[in-house]
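Some notes on the structure that comes next.
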Amino acid sequence: MFREAGADDFEAVMGLYRQLHPGDPVRRDDADAEVFAQILRTPGLRLYVLEVDGKVVATTYLNLIPNLTRGATPYAVVENVVVDAAVRGSGLGKRIMAGTLQAATDAGCYKVMLMTGSRRESTHAFYRACGFDPDAKTAYVFHPARESGQRVEGVLQV
């Protein structure tokens, strides 16, 4: 079942995120739980899960962004696309992406963008199969903490 995440999905979503970024720092405080709650209550931020047999097996994070161009039509950015490693390749990624893209369409978005740091051809083939055009835009990323050499407080480096 494709659905918006709820408060009870925190641990399942975080487990999937650990698969996505296994080297991410582990929070020593409850900041991640607080951010999760903030996402759930903020209009325009939608965290989705795909549940199979009562277990969350995939997640996406859809950001709906108001826009003054294109006739004041919003656009969307998809982040943190994760399918549980144990069930990858079974079509569940396409199912959660279809639901996520439909939600963006239903919200009136004129485009949906995503970026991936993956260099694996299978990842790029997946996004192309979902309808994304890798040649439509050029993306650049700036990382403030990396540029300034700052440490993130409250984080245990793993």
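We use all heavy atoms of the structure for the numbers below, so side chains are in, but hydrogens, waters and symmetry mates are not. Computed from a predicted model, the values in this text were never measured in an experiment.
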| message | Could you measure the distance from the CD atom of E51 to the CE atom of M1? Nearest 0.5 Å is fine. | response | 5.0 Å
| said: I'd like to know whether V82 forms a side-chain contact (heavy atoms from CB on, under 4.5 Å) with R18, so could you lay out the CA-CA distance, the side-chain angles of the two residues, the decisive distance to 0.1 Å, and finally the verdict. | reply: CA-CA 10 Å; V82 191; R18 282 188 287 279; over 6 Å; no
| Okay, side chain of Q19, backbone of A85: is any donor-acceptor separation there less than 3.5 Å? | yes
| Stepwise side-chain contact (heavy atoms from CB on, under 4.5 Å) test for V112 and V77 | CA-CA 6 Å; V112 180; V77 177; over 6 Å; no
| message | I'd like to know whether K55 forms a salt bridge (charged side-chain N to carboxylate O under 4.0 Å, His left out) with D53, so could you lay out the CA-CA distance, the side-chain angles of the two residues, the decisive distance to 0.1 Å, and finally the verdict. | response | CA-CA 6 Å; K55 181 182 179 201; D53 296 328; over 6 Å; no
| request: Give, for atom CD1 of I65 and atom OG1 of T73, the distance between the pair rounded to the nearest 0.5 Å. | output: 13.5 Å
| task | Kindly indicate, with the supporting measurements, whether the criterion side-chain contact (heavy atoms from CB on, under 4.5 Å) is fulfilled by M113 and V78. | result | CA-CA 6 Å; M113 300 182 294; V78 177; over 6 Å; no
| task | Could I get the full list of salt bridge (Lys or Arg N to Asp or Glu O under 4.0 Å) partners for E121, not counting sequence neighbours? | result | R128
| query | Which distance, rounded to the nearest 0.5 Å, do you find between the NE2 of H124 and the CZ of F132? | reply | 13.0 Å
| Carboxylate-amine/guanidinium proximity below 4.0 Å for D133 and K111 | no
| request: Taking the side chain as every heavy atom from C-beta outward, state whether Y127 and L114 have any pair of such atoms under 4.5 Å apart. | output: yes
| message | Does atom CG (D30) have a neighbourhood of more than 12 heavy atoms from anything else shown, all under 6.0 Å? | response | no
| said: If I take atom SG from residue C109 and atom CG from residue L64, how far apart are they, to the nearest 0.5 angstrom? | reply: 5.0 Å
| task | Dump the intermediate steps for side-chain contact (heavy atoms from CB on, under 4.5 Å) on T59 and Y48, then the final yes or no. | result | CA-CA 5 Å; T59 186; Y48 292 108; 5.7 Å; no
| query | Got more than 12 heavy atoms from elsewhere within 6.0 Å of CG, D106? | reply | yes
| said: Does R70 have more than 12 heavy atoms from other residues, nucleotides or ligands lying within 6.0 Å of its CZ? | reply: no
| query | Atom CG in D32, atom CE in M14: separation rounded to 0.5 Å? | reply | 4.5 Å
| remark: Separation between OG1 (T60) and CG (L16), nearest 0.5 Å, reads 11.0 Å
